[in-house]
Amino acid sequence: MESFSSPMSDLKTMRHSAAHILAQAVVGLFPEARLGIGPATEDGFYYDFELPRPLSEDDLPQIEERMREIVSWNLPFVPEEVGKEKVKEMFDRQPYKQEIISELQGDRVTVYHQGDFYDLCRGPHLSRTSEIGPFKLLRTSGAYWRGDEKEPMLQRIYGTCFESQERLDLYLQNLAEAERRDHRRLGKELDLFSVHEGLVLWHPKGAIIRSLIEDFWRQEHLKRGYQLVYTPHILNQEVFQKSGHLAMYQEFLYPPMSLEGKEYRVKPMNCPGHIMIYQSRLRSYRDLPLRLAELGTVYRYERSGTLHGLLRVRGFTQDDAHIFCSPDQVESEISEAVKLCQFMLGSFGFEEYEFILSTRPEKYAGTLEMWGRAESQLQGALTNLGLSAALEEGGGVFYGPKVDIKLYDSLGRGWQGPTIQLDFNLPQRFEVGYIGPDGGEHQVVMIHRAVLGSMERFIACLTEHYGGAFPVWLSPTQAVIIPIADRHISYARGVEEEFKGRGVRVEVDARSERMNLKVREAILQRIPYILVVGDKEERAGTVSLRLRSGEDLGSKTLPELWQIIQPELKPCS
RNA sequence: GCCCGAGUGGCGCAAUGGUAGCGCAACCGAUUUGUAAUCGGUAGGGUGGGGGUUCGAAUCCCCCCUUGGGCUCCA
């Protein structure tokens, strides 16, 4: 049961009550409406309905109006304990409610009503409708009954409600701000990439960001004993039959290509290729742990409705690695991988994130014993690092337990990013082994891990995280020199050469436009350093420095400028 | 995939039955400028694709494609 005292649960209660008022309003407008459920959510509430006609956003003001009316009636929310049979009668025209009632334990059920509107509800609620805070209906959408696509599609109305108008306005402002930070919008404005049916085209400015991240990634992996590999984009499909991917993920695979009686598939995973490299010769325990890393591009046919900018795509590059090790190396390898995740995220300015430990699902490969051991190894590695993880019981993949980190987009939606997964399935299917000190053959343990997730998803989150103002070392253009008049261009070129020679991505904006326009555009492009040069600067051998934040740092000599820029050129770690 | 919404020049938008227009960008010209949009001119689309209704279709109907929100948060 929820506590009544904390402000958070007060807000939840209020939103839940708001959902009931929404339902009452909708039933008022559509007496034949069938009700689904209407809970409070993290930042608002919704209610699902089956209605005689589709709703559109244009219906929302009318429904809101009706809600206000109900609020003004100041009806009490009244709970009632009713016998199950009686409740079934009360809701005899509500098939979805019937379904819920028949699944409830016990023979008495709580029903709430405000005015003549009755709803099945555990509560709690506000005491009267007038206590509800300022609210707003936000959007409509479809939602399967019980989230199951075999069930009918209902119409969902989302809204939110706060204790004060200021909080509501702030929330709506945040929504607007999130829209400005949306990576799809920034991707266009900053000319970073475009996406066509889930396939990404990286434009020059996005490509340089990506390649800088990849360079950094490679260096950090080499430092940590990983070996870089490349594997082909297509393989004979026998490999995917053997790995089980073909059977398991059939619907996500692109169809086969046939040539000379052979069938090839575009790879949906990098693991089989890495296993082939491992198995290219006999391995000894002395070779372990063997860490093979690849920025491996994979293709999966995601359902059209789930595609979303760079966050869910059909072709993406995993920052993948497979660690082949002996059972006693597992814990330390996991631990190192977790540390690498932390290091990587920290290097890109992500400070707050949560680990999620997912355990054995209902359908699983391997033995109970393997799972038990692996889960405790994952947990152990986290504990030794002083980290806690949220537990997701049964959330593991069929082939092994995993630890994930979610990255959040500007709207607060979480997306799986870094992940460390144990795999019991592939070593068995491919008989991946090594010769132990005893001269016998032993099965290897495989750890599959990605410390960023995928380049696409990671860069999407990075873009939203910084609102397009990437750190200097990742900025496509790091400095722009703006000559005030044409006669300053040659001085500007000299400054450009000087800093280009020092590895700065700098350019001169020599267009025949006014300085004001160039400054404006430089700021909109989030260029970190804006260097204005005119007569004064040329005489003194300086530049006038302005930052994308709008801050004006005044006149700087070139050595002074270098002192400012140089420390920003490398990732701070 | 499913529900609802949207697709109009490179981008952002207008025109809801009378034959497509605005801003930015592009191009040409003028201007040489002191920290978030200089001025003028030129060109560019037949409205995502296909079919239909109509004297006449961005506008209405049907099919398809693309795209946005959602389909997890358990009375």
Side-chain angles (χ1 to χ4, degrees), chain A residues 12 16 19-20 23 35-48 50-51 53-59 87 91 94 96-104 109-112 118-123 138-158 179 182 184-185 188-189 191 194-198 251 301-309 392 395 411 413-414 482-489 511-525 530-537 544-548 550-555:
Chain A
K12 257 201 134 148
H16 187 188
H20 276 227
L35 305 178
I37 60 168
T41 63
E42 218 159 276
D43 45 14
F45 60 88
Y46 66 80
Y47 212 109
D48 290 341
E50 187 181 294
L51 299 171
R53 67 162 175 93
L55 285 178
S56 78
E57 315 273 298
D58 303 336
D59 292 307
V87 175
F91 292 97
Q94 294 293 344
Y96 301 107
K97 295 294 180 193
Q98 291 292 339
E99 210 176 307
I100 293 164
I101 294 166
S102 55
E103 285 167 20
L104 286 175
V109 176
T110 321
V111 169
Y112 268 82
Y118 284 77
D119 199 356
L120 204 56
C121 186
R122 176 174 54 196
L138 298 171
R139 57 183 170 270
T140 60
S141 75
Y144 295 106
W145 169 236
R146 313 207 131 174
D148 182 343
E149 53 190 272
K150 289 179 206 74
E151 298 281 359
M153 176 74 68
L154 305 181
Q155 299 194 60
R156 178 170 295 181
I157 299 177
Y158 282 96
E179 211 172 297
D182 190 312
R184 292 167 301 180
R185 178 175 169 150
K188 199 175 274 181
E189 284 175 6
D191 197 18
S194 49
V195 186
H196 302 263
E197 297 167 60
E251 57 188 315
Y301 195 81
E302 299 287 345
R303 304 157 100 203
S304 59
T306 62
L307 298 177
H308 185 91
E392 209 169 295
L411 283 171
R413 293 176 292 208
I482 299 176
I484 288 177
D486 287 356
R487 64 178 178 280
H488 307 120
I489 289 179
R511 291 176 301 165
S512 168
E513 295 288 351
R514 302 179 78 207
M515 174 203 52
N516 298 280
L517 180 85
K518 297 179 185 177
V519 169
R520 175 182 157 81
E521 290 186 352
I523 290 172
L524 290 176
Q525 286 296 305
I530 299 163
L531 314 175
V532 177
V533 297
D535 290 334
K536 249 180 2 196
E537 287 75 17
S544 174
L545 172 61
R546 179 176 166 144
L547 305 181
R548 57 189 163 186
E551 195 181 351
D552 189 346
L553 298 184
S555 155

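Quick caveat: nothing in here was measured; it's all calculated off a predicted structure. Numbers restart at 1 for each chain; the letters A, B, ... are given by sequence-line order, proteins then strands.
With contacts defined as side-chain heavy-atom distances shorter than 4.5 Å, the pair A/Phe91/A/Val111 qualifies. Residues A/Thr110 and A/Arg122 are not in side-chain contact: their nearest non-hydrogen atoms beyond the backbone lie 4.5 Å or more apart. Counting only heavy atoms from C-beta outward, the side chains of A/Asp48 and A/Trp145 never approach each other to under 4.5 Å. Between A/Asp182 and A/Lys188 the shortest side-chain heavy-atom distance does not fall below 4.5 Å. The shortest side-chain heavy-atom distance between A/Ser555 and A/Lys536 does not fall under the 4.5 Å cut-off. Side-chain contact between A/Ile530 and A/Leu547: absent, with no pair of heavy atoms (C-beta onward) separated by less than 4.5 Å.
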For nucleotides 37-41 of chain B, list the nitrogen or oxygen atoms of the protein found under 3.5 Å from its nitrogen or oxygen atoms, one pair per line.
| from | atom 1 | to | atom 2 | distance (Å) |
| --- | --- | --- | --- | --- |
| B/A37 | N7 | A/Arg520 | NE | 3.3 |
| B/A37 | N7 | A/Arg520 | NH1 | 3.2 |
| B/A37 | N7 | A/Arg520 | NH2 | 3.2 |
| B/A37 | N6 | A/Arg520 | NH2 | 2.6 |
| B/A37 | N1 | A/Arg520 | NH2 | 3.4 |
| B/U38 | OP2 | A/Arg514 | NH1 | 3.3 |
| B/U38 | O4' | A/Arg514 | NH1 | 3.3 |

Contact list (N/O, under 3.5 angstrom) for nucleotides 42-45 of chain B vs protein:
none

Please list, for nucleotides 10-12 of chain B, all pairs of protein and nucleotide N/O atoms separated by less than 3.5 Å.
| from | atom 1 | to | atom 2 | distance (Å) |
| --- | --- | --- | --- | --- |
| B/G12 | OP1 | A/Lys188 | NZ | 3.3 |

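Looking at heavy-atom distances under 4.0 Å, A/Arg53 makes no contact with the nucleic acid at all. Residue A/Arg303 is classed as a base contact, given a heavy-atom separation below 4.0 Å to a base. No contact: A/His488 has no heavy atom under 4.0 Å from any strand. Using a 4.0 Å heavy-atom distance criterion, A/Glu151 is classed as making no nucleic acid contact. Residue contacts for A/Lys536: at a heavy-atom cut-off of 4.0 Å it reaches a base atom on one of the strands shown. Here A/Arg546 lies in heavy-atom contact (under 4.0 Å) with a base. Residue contacts shown for A/Val109 include a base, since a base heavy atom lies under 4.0 Å away.
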Go along nucleotides 2-7 of chain B 5' to 3' and tag each nucleotide: B for a protein heavy atom under 4.0 Å from its base, S when only backbone or sugar atoms are that close, - otherwise.
-> BBS---
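Under the salt bridge (charged side-chain N to carboxylate O under 4.0 Å, His left out) criterion, A/Arg546 pairs with no residue at all, not counting sequence neighbours. Residues forming a side chain to side chain contact (heavy atoms under 4.5 Å, CB included) with A/Ser304 (at least two apart in sequence, or on another chain): A/Arg314. In this view, A/Tyr144 satisfies the ring-ring contact (aromatic ring centres under 6.0 Å, His included) rule with no residue, not counting sequence neighbours. For A/Phe45, there are no ring-ring contact (aromatic ring centres under 6.0 Å, His included) partners at least two apart in sequence or on another chain. Taking the ring-ring contact (aromatic ring centres under 6.0 Å, His included) definition, one finds that A/His488 meets it with nothing, sequence neighbours left out. When the side chain to side chain contact (heavy atoms under 4.5 Å, CB included) test is applied to A/Ser56, the partners found at least two apart in sequence or on another chain are A/Asp58, A/Asp59. When the side chain to side chain contact (heavy atoms under 4.5 Å, CB included) test is applied to A/Asn516, the partners found at least two apart in sequence or on another chain are A/Arg514.
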With pairs defined as Watson-Crick or G-U wobble and both distances under 3.5 angstrom, please note down RNA chain B as a dot-bracket string, | for pairing with another strand.
-> (((((((..((((....[..)))).(((((.......))))).....(((((..]....))))))))))))....
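For the pair A/Glu537 (side chain) and A/Pro483 (backbone), a donor-acceptor distance under 3.5 Å is absent. Distance alone, capped at 3.5 Å, is enough to place a donor-acceptor pair between the A/Gln525 side chain and the A/Glu189 backbone. A side-chain donor-acceptor contact under 3.5 Å links A/Lys518 to the backbone of A/Arg511.
Only the P atoms considered, B/G5 is 15 Å distant from B/C64, to the nearest whole Å.
Counting atom types as modelled, A/Glu537 pairs a side-chain N or O with a base atom of B/G34 as donor and acceptor under 3.5 Å.
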